[in-house]
Each structure stands twice: as structure tokens, then as C-alpha cells.
Protein chains: 2
Amino acid sequence: MAEIRTNDTRERILDAAERLFMTHGYEGTSMRQITGEASVNLAAVNYHFGSKEALMQEVFRRRLDWLNEERMRVLDEMEAEAAGKPLKPSQIVDGFFGTLLRMAGDEKRGGVTFLRLLGRTLTEPSEFIRAFLAHEYQTVMDRYKEALFKALPEVPKAEIVWRFHFMLGATSYAIAGTDALRLVTDWQIEDEDSTDRLDRLVPRLMSFLLGGLRAPLPQFSDAAAASN
Amino acid sequence: MAEIRTNDTRERILDAAERLFMTHGYEGTSMRQITGEASVNLAAVNYHFGSKEALMQEVFRRRLDWLNEERMRVLDEMEAEAAGKPLKPSQIVDGFFGTLLRMAGDEKRGGVTFLRLLGRTLTEPSEFIRAFLAHEYQTVMDRYKEALFKALPEVPKAEIVWRFHFMLGATSYAIAGTDALRLVTDWQIEDEDSTDRLDRLVPRLMSFLLGGLRAPLPQFSDAAAASN
DNA sequence: CTATGATTCATACGTTCGTTTGAATCATAG
DNA sequence: CTATGATTCAAACGAACGTATGAATCATAG
């Protein structure tokens with residue numbers, strides 16, 4: 001009696017929408033595709049969620065609520081243990097991006113499907129979902145940036161914010177494109193099966209992110225003010 | 001005599017489509033929006049391009065043809081000067097990503113609009129545009145990867161391919177989200193106006209990419225949690 | 001000038017979209 | 001059992017979609 005058909009209509013719709021939005025995007029997915037895949041009546045989406053937009057928000061909300069709480073919990077824990085001293089950058093990066101990436105292995109939390117949806121959505125600035133994501137992320141993002149400021153006091157804050165941005169991009173893309181865009185991965189990634197590839201993605205990406213975060217500061221061609 | 005057909009209608013359509021696809025995505029943009037913005041008749045798109053899909057491909061082709069030729073030219077030049085010796089990683093990264101980023105300042109080549117469109121499209125794996133991009137990119141991508149293999153002989157090739165992938169992501173995202181996603185940039189990017197911001201994005205991103213590319217190799221054993 | 005092909009135009013086609021409706025069915029409490 | 005509210009259902013709505021058509025207009029060669 002572990003996990004038998006507890007799927008009610010709501011969850012079947014959410015699962016189908018998550019998968020279809022990931023594959024075809026929000027605009028590219030129709031309600032009839034969603035209700036068809038979920039084997040529910042067309043009107044069920046509007047009955048349970050109100051609209052397609054509200055469905056999209058709920059798809060994100062049920063995953064992001066857990067993710068951001070977990071990120072907060074991890075950061076609280078690390079800061080409590082550090083007792084006021086700055087955290088190591090690797091700890092902070094792992095708390096934010098590692099927590100995200102480890103969702104990929106947790107099918108109960110959406111697995112790779114949700115991560116890819118999130119990755120592609122972050123570059124799709126449709127107004128309503130952007131506002132929603134910004135609101136969901138605001139608090140946890142600020143906490144992690146503050147932690148980075150404290151961990152890297154010698155780096156100008158603006159630089160840290162930019163590098164956080166770059167790290168988000170590398171991560172989104174690494175997830176969204178793991179097998180979507182074959183541009184890069186088609187060859188010379190020889191003998192790793194897909195679970196192996198996912199397991200190894202985390203340390204690979206972590207190394208890259210930390211290398212970028214701690215890179216030498218850029219030299220601007222014109223000597224301008226770069227205050228902290 | 002080479003007749004210069006200014007073909008105002010074609011270019012007005014391409015410009016409008018580029019801008020609208022960037023803002024609302026392919027599926028989220030209608031033909032009527034495009035022809036409305038371009039101030040041309042609705043039927044003009046199908047007359048000049050054949051279909052909406054063909055229009056999308058032409059939007060990319062007119063920019064990518066130049067970009068990839070330029071990337072090839074730059075790489076040829078650097079390799080000729082090196083006379084068989086490996087290039088520096090910074091040269092290679094600048095040839096590929098720097099050439100891309102410098103398009104942002106060249107309004108004649110699409111400027112930031114096209115770069116944002118490219119950035120968001122790379123995470124939108126709709127079948128027809130993905131196949132098209134993969135084909136457009138294949139040759140130049142392979143050349144640059146070979147150059148990196150030669151420049152970093154001590155790094156496993158699979159590692160380099162992954163890091164190329166991560167660099168692409170950070171770059172796409174940096175462009176696509178420069179003012180789209182305010183998640184990160186909303187605060188603490190104080191007094192830089194937008195041209196300043198763009199000028200400084202290049203060295204900032206370059207430092208980050210090179211730091212990531214040359215980061216210590218990841219440890220796959222479970223003795224992880226490496227130190228700062 | 002007229003003739004001819006290229007382009008633009010208004011209009012309409014058939015389809016699919018998100019949403020709504022009111023009746024049918026289900027679950028459960030009294 | 002009946003009553004009641006929640007849910008599911010088939011069907012339809014108007015709007016918007018990409019595309020097609022044939023006439024009108026334009027540019028240019030003879």
C-alpha cells in the first residue's frame with residue numbers, strides 16, 4: 001500500500017501539465033492535450049484551477065514551495081553551525097544549486113521533468129509567470145546573496161550579483177538541455193548511461209560554478225568606479 | 001548588374017518577427033501581431049516566406065550566417081598566427097562567446113534583440129527549430145571544441161564538452177535575462193546605465209567563463225564536500 | 001503608351017484555442 | 001431511502017489562429 005492510485009483529478013492534471021509544459025512550453029500546450037494525457041474531461045482544468053494561467057502557477061507552486069523551504073532550512077542549518085562566521089562559498093553554492101539539482105533524483109518532487117520546465121521558463125519572460133517566479137524567489141535569493149557577500153567580502157557586491165546570475169544560467173541550461181539540445185553532447189560523451197550522467201552532473205556543475213564564482217575580477221577597459 | 005532589391009517588406013517583417021519572437025516566443029506570437037508591427041498586409045508573410053516556420057528559420061539564418069562565419073574567420077586567424085601551437089583558452093572563449101556578445105552592440109546585426117531571442121530559443125527545444133540550430137552550429141562548434149581539446153590536453157575531453165555546455169548556458173542566460181528576469185538584477189546594480197552595463201557584461205562574463213573552464217576537476221567518489 | 005510579372009490588398013476559409021454551460025453522475029450525511 | 005453538494009460530462013461559445021484566394025495595384029520592359 002505504498003503508492004497506489006491516490007491520483008485524484010487535480011494531481012493527474014498537474015502531472016500532465018508539468019510534462020507537457022516542459023516539452024512544448026506554455027503557449028505550445030493546449031488544454032485539450034493536457035486533459036487528454038491526464039484522461040480527464042476538458043472542463044476539469046477550469047473547474048479545479050480556474051484558468052490555464054492559474055494551472056501553470058500551481059504547477060510551479062507545488063514544487064517551488066518545497067524547494068525554497070528546503071533551501072532556507074539548509075542555509076539556516078549551515079549558518080547556525082558557523083556561529084556567525086562566514087560560510088564557505090562551496091557550502092552556499094551547494095545549498096542553493098545542489099539542493100535544486102538533487103530534486104532531479106526525487107521523482108516525488110517532480111524529478112528532471114520539473115527541473116527542465118523551470119530551466120526553460122527562466123528564459124521565457126512571459127509577464128505573468130515572471131512576476132510569479134520573482135515573488136516566489138525573492139526572499140530565498142536575498143538570503144543567499146547576503147551569505148555570499150559575507151563569504152566573499154573582498155569581491156564587490158555587484159560582481160557577486162552578476163556571478164549569481166551567471167551560475168543560475170549555467171544551471172538552468174545544464175538541466176534544460178541535458179538531452180534536449182544535442183548540439184554539444186552528441187558526441188564524445190561516450191560510455192555514461194543516463195543515471196550515471198545525472199549523478200556526475202552535480203559535481204561537474206559544482207566545480208564549474210565555483211570556478212566561475214571565484215575567478216579573478218574582470219578588468220574594465222575604462223578605469224571606472226567599482227565601489228563595493 | 002547586381003540589382004539591389006531593398007525589399008523593404010521582407011526586412012520589416014523580419015525585424016518585427018525578431019522583436020516579437022524575442023518577447024513572446026514563437027508560439028506566443030501571431031502572424032497578425034507581426035504584420036501589424038511591420039505595417040504590412042497579413043498575407044505578406046506567406047507570400048515572402050511561405051509559412052510561419054519558414055519565417056522563424058529566416059529570422060535566425062540572416063543573423064547566424066554572419067555570426068558563424070565570423071567565428072570561423074577569427075579561429076582561422078588565431079590558429080594561423082599560432083602556427084600549430086595550442087591557443088590559449090582565453091583566446092578560444094573570446095572567439096566563440098566574445099564574438100557573440102559583441103553582436104549586442106551591433107544594431108545592424110540584430111543587437112541585443114537577436115541575442116535574447118537566441119538565448120531563449122536554446123532552451124526551447126521545439127523540434128523544427130532545434131534541428132535547424134543544430135545543423136547551423138555543428139561545424140563551428142566542432143572546430144572550437146577541437147581547439148579546446150588541444151589547448152587543455154590534461155583535461156578529459158568529456159569534461160571540456162560539459163564545460164562548453166555550461167558556458168553556453170551562462171552566456172544564453174546572461175543575455176536573455178539582462179533585463180527580462182529581474183530576480184537577480186533588481187537591486188544592488190546601482191549606478192550603471194544600460195550601455196555601461198552591456199559594455200561591462202563582456203569582461204564580467206569572460207572572467208566567469210574562464211574561471212569555470214579552468215576550475216579544478218570534479219571528484220566523483222563519495223569523498224566529496226571538497227574544501228573551499 | 002501597353003503588356004507583364006511582382007507585390008499588396010481585403011476577405012474568407014477551416015481549425016483550434018480557452019472558457020462556459022447545464023445536465024448527469026457520484027459521494028456522503030441525515 | 002432521500003437530499004445535497006461536489007465532481008464529471010458532452011456540447012457549444014466566440015475569438016483568434018495560420019493559411020489561401022483572387023482581384024487590385026505597382027514597377028518596369030518593350
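Because the structure is predicted, anything quoted here is derived from the model rather than measured. Just so you know, these numbers use all the heavy atoms, side chains as well, and skip hydrogens, waters and symmetry mates. Chain identifiers are assigned alphabetically (A, B, ...) following the order of the sequence lines, protein sequences preceding nucleic acid strands; residue numbering begins at 1 within each chain.
- Atom pair A/Ile13:CD1 and C/dG18:P shows a separation of 14 Å (rounding to whole Å applied).
- In this structure, the side chains of B/Asn46 and B/Leu55 stay at 4.5 Å or more apart for every pair of heavy atoms.
- Considering every non-hydrogen atom in both B/Met206 and B/Leu101, the closest pair reads CE-CD1, 4.3 Å.
- Residues from residues 24-35 of chain A placing a heavy atom under 4.0 Å of any atom in DNA chain C, listed by number, are A/Thr29, A/Ser30, A/Met31, A/Arg32.
- The interatomic distance linking B/Arg10 (CZ) with C/dT8 (P) rounds to 11 Å, in whole Å.
- In plain terms, the two heavy atoms of A/Ala147 and A/Glu79 that are nearest each other are CB-OE2, 4.1 Å.
- Between A/Phe114 and A/Met22, the closest side-chain pair of non-hydrogen atoms is not below 4.5 Å.
- Under the 4.5 Å side-chain criterion, counting only non-hydrogen atoms from C-beta, B/Arg204 is not in contact with A/Arg163.
- Closest approach of A/Ala44 to A/Thr9, counting heavy atoms only: CB-CG2, 4.1 Å.
- A 4.5 Å side-chain heavy-atom check between A/Leu118 and A/Ile175 finds every atom pair outside the cut-off.
- Under the 6.0 Å cut-off for aromatic ring centres, B/Tyr26 and B/Phe128 qualify, their centroids lying closer than that.
- A heavy-atom distance below 4.0 Å to DNA chain D is reached by none of the residues of residues 51-59 of chain A.
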Dump every N/O contact between nucleotides 7-9 of chain D and the protein below 3.5 Å, one line per pair.
residue: D/dT7; atom: OP2; partner: A/Tyr47; partner atom: OH; Å: 3.0
residue: D/dT8; atom: OP1; partner: A/Thr9; partner atom: OG1; Å: 2.4
residue: D/dT8; atom: OP2; partner: A/His48; partner atom: NE2; Å: 2.7
residue: D/dC9; atom: OP2; partner: A/Asn41; partner atom: N; Å: 3.4

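- Evaluation of the side chain to side chain donor-acceptor pair (under 3.5 Å) rule for B/Glu70 yields B/Arg73 as partners, not counting sequence neighbours.
- Scored by the side chain to side chain donor-acceptor pair (under 3.5 Å) test, B/Asp65 finds B/Arg61 as partners (sequence neighbours excluded).
- Between B/Tyr144 and B/Phe97, a ring centre-to-centre spacing not shorter than 6.0 Å is recorded.
- Between A/Leu42 atom CG and C/dT21 atom C1' there is a gap of 12 Å when expressed in whole angstrom units.
- The CG atom of A/Asn46 sits 5 Å away from the P atom of C/dT19 (whole-angstrom rounding).
- Considering only heavy atoms from C-beta on, A/Leu117 comes within 4.5 Å of A/Thr121 through its side chain.
- Straight-line distance from the CZ atom of B/Phe49 to the C1' atom of C/dT8: 15 Å, rounded to whole Å.
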Exercise. For DNA chain C, what dot-bracket results from Watson-Crick or G-U pairs at under 3.5 Å, with [ ] for crossers and | for inter-strand partners?
Worked result: ||||||||||||||||||||||||||||||
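- Put simply, the side chain of B/Arg71 reaches to within 4.5 Å of the side chain of B/Tyr137, judged on heavy atoms.
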